[in-house]
Amino acid sequence: MTESQRHNALLDLLNQKGSITVSSLITKFGVSPATARRDINKLDEKGKLKKVRNGAQVVDHQRTYWSPMNIHQTLNHDEKVRISQYAANMCSPGDSVVINCGSTAFLLGKEICGRDIQVITNYFPLMRYLIGQDHDGVVIVGGQYHKTRSLILAPHQEMTSFYAGHYMFTSGKGLTAEGLYKMDMLSAMAEHKMLNQVSRLVALVDSSKVGQRAGLLFASSEQLDVVITGKAADPDVVKQLQQQGIDVVLV
């Protein structure tokens, strides 16, 4: 893992937990105490975290969730833009695609907006954007709106059985040779309902998540068709995925 990957992974961990200790970083990333402290010092100097005795805490602005208005401030924004652009170029006129939740998913929706592509989604920020931009071809998977997740979740599988797509574009908190991991069980269950309704499953993950095992295994490597990630992705994991016949694209 490069220093940049480690820093991104450290910030993701910090956002999840609120605070971290030097000892937890040593265990998590297999680094020396000096490296763990140096990482904290560098990120503290950049204003990415607050250095405290024997560890670090989140700073106030890190508690702010991204929105369509501040999406440019998300971690690895430029890489996510490249990922979304490549994913959009995979689509052909007349295609029907499933796009799930997350900042990369929203960026992908922006790239697709205005093109002759049908978007199937239960992700409220994306559907609101597409409808606001008069995108012709938005299929909203029905159900109950969950404000905390910004998702519309259906209680019955039958509600998604009428829809099919050429691609499902999804992201996660981690990607290893075993497959794609997600943290939110409820939203993962909703996405699972669509897996059998699409021709190809495409994982959109920034390079900091490659090599990370976090949460539950959403899709095994056998279910993945394409992975689009950044050039800084862990080369060992990339090779292992390619050896399993997965098309790994580095942008």
Side-chain angles (χ1 to χ4, degrees), residues 15 61-156 159-173 182-184 186-195 197-206 209 218 226 228 251:
N15 282 329
H61 67 77
Q62 284 182 287
R63 296 183 184 274
T64 302
Y65 292 100
W66 77 268
S67 74
M69 299 299 295
N70 68 4
I71 193 168
H72 62 282
Q73 297 177 358
T74 60
L75 292 174
N76 301 314
H77 173 264
D78 292 344
E79 186 176 286
K80 290 178 180 178
V81 169
R82 295 194 299 272
I83 290 170
S84 64
Q85 289 173 340
Y86 189 97
N89 289 333
M90 292 176 62
C91 304
S92 301
D95 276 356
S96 179
V97 301
V98 178
I99 303 179
N100 295 315
C101 63
S103 55
T104 308
F106 183 82
L107 290 168
L108 172 58
K110 289 185 67 176
E111 294 291 334
I112 286 177
C113 187
R115 296 173 54 183
D116 180 22
I117 296 172
Q118 183 185 65
V119 176
I120 303 169
T121 187
N122 67 341
Y123 191 38
F124 189 74
L126 177 57
M127 66 179 73
R128 183 171 57 184
Y129 174 83
L130 292 174
I131 293 171
Q133 296 296 315
D134 293 325
H135 181 76
D136 186 16
V138 182
V139 175
I140 300 172
V141 180
Q144 179 180 350
Y145 176 60
H146 287 250
K147 182 178 180 181
T148 56
R149 294 178 173 84
S150 297
L151 293 173
I152 295 176
L153 301 176
H156 302 297
M159 299 187 75
T160 59
S161 62
F162 299 104
Y163 307 108
H166 295 88
Y167 298 99
M168 175 187 279
F169 295 103
T170 190
S171 56
K173 281 293 185 181
K182 290 180 178 287
M183 292 292 291
D184 191 320
L186 191 58
S187 60
M189 289 173 61
E191 291 183 38
H192 253 294
K193 298 175 185 179
M194 289 295 296
L195 280 180
Q197 307 299 115
V198 297
S199 299
R200 306 191 77 194
L201 178 60
V202 184
L204 312 178
V205 290
D206 66 73
K209 297 180 176 66
F218 167 76
V226 183
I228 308 176
V251 296

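In this chain, residues are counted from 1 in sequence order. Model, not experiment: these values are computed from the prediction.
- With contacts defined as side-chain heavy-atom distances shorter than 4.5 Å, the pair V226/M90 qualifies.
- Looking at every heavy atom in both residues, K80 comes nearest to S103 through NZ-OG, 3.1 Å.
- At a threshold of 4.5 Å between non-hydrogen side-chain atoms, the residues D206 and T104 do not count as touching.
- Shown here are the side-chain contact (heavy atoms from CB on, under 4.5 Å) partners of A87, two or more places apart in sequence or in another chain: L108, F169, L204, I228.
- In terms of heavy-atom proximity, C101 sits nearest to S171 at O-OG, 3.5 Å.
- Counting heavy atoms of neighbouring residues, nucleotides and ligands inside a 6.0 Å radius, atom CE of M189 does not exceed 12 of them.
- The two residues C91 and I112 come nearest to each other via the heavy atoms SG-CD1, 4.3 Å.
- Closest approach of V98 to N100, counting heavy atoms only: CG1-OD1, 3.8 Å.
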List the atom pairs, donor and acceptor, that lie under 3.5 Å between side-chain atoms in residues 127-137 and the rest of the protein, sequence neighbours left out.
| from | atom 1 | to | atom 2 | distance (Å) |
| --- | --- | --- | --- | --- |
| H135 | ND1 | G114 | N | 2.9 |
| H135 | NE2 | I117 | O | 2.8 |

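- Listed here is the closest heavy atom pair of L126 and V119: CD2-CG1, 4.4 Å.
- Checking side-chain atoms of H192 against main-chain N and O of F218 turns up a donor-acceptor pair under 3.5 Å.
- Nearest approach of P125 to F106, heavy atoms of both residues: O-CE1, 3.6 Å.
- The side-chain hydrogen bond (donor to acceptor under 3.5 Å, both in side chains) contacts involving residues 82-97 comprise S96-Q118, where partners must be two or more places apart or lie in separate chains.
- With rounding to the nearest 0.5 Å, the separation of NZ in K209 from NZ in K173 is 5.5 Å.
- The side chain to side chain donor-acceptor pair (under 3.5 Å) search around K182 returns T170, E191, not counting sequence neighbours.
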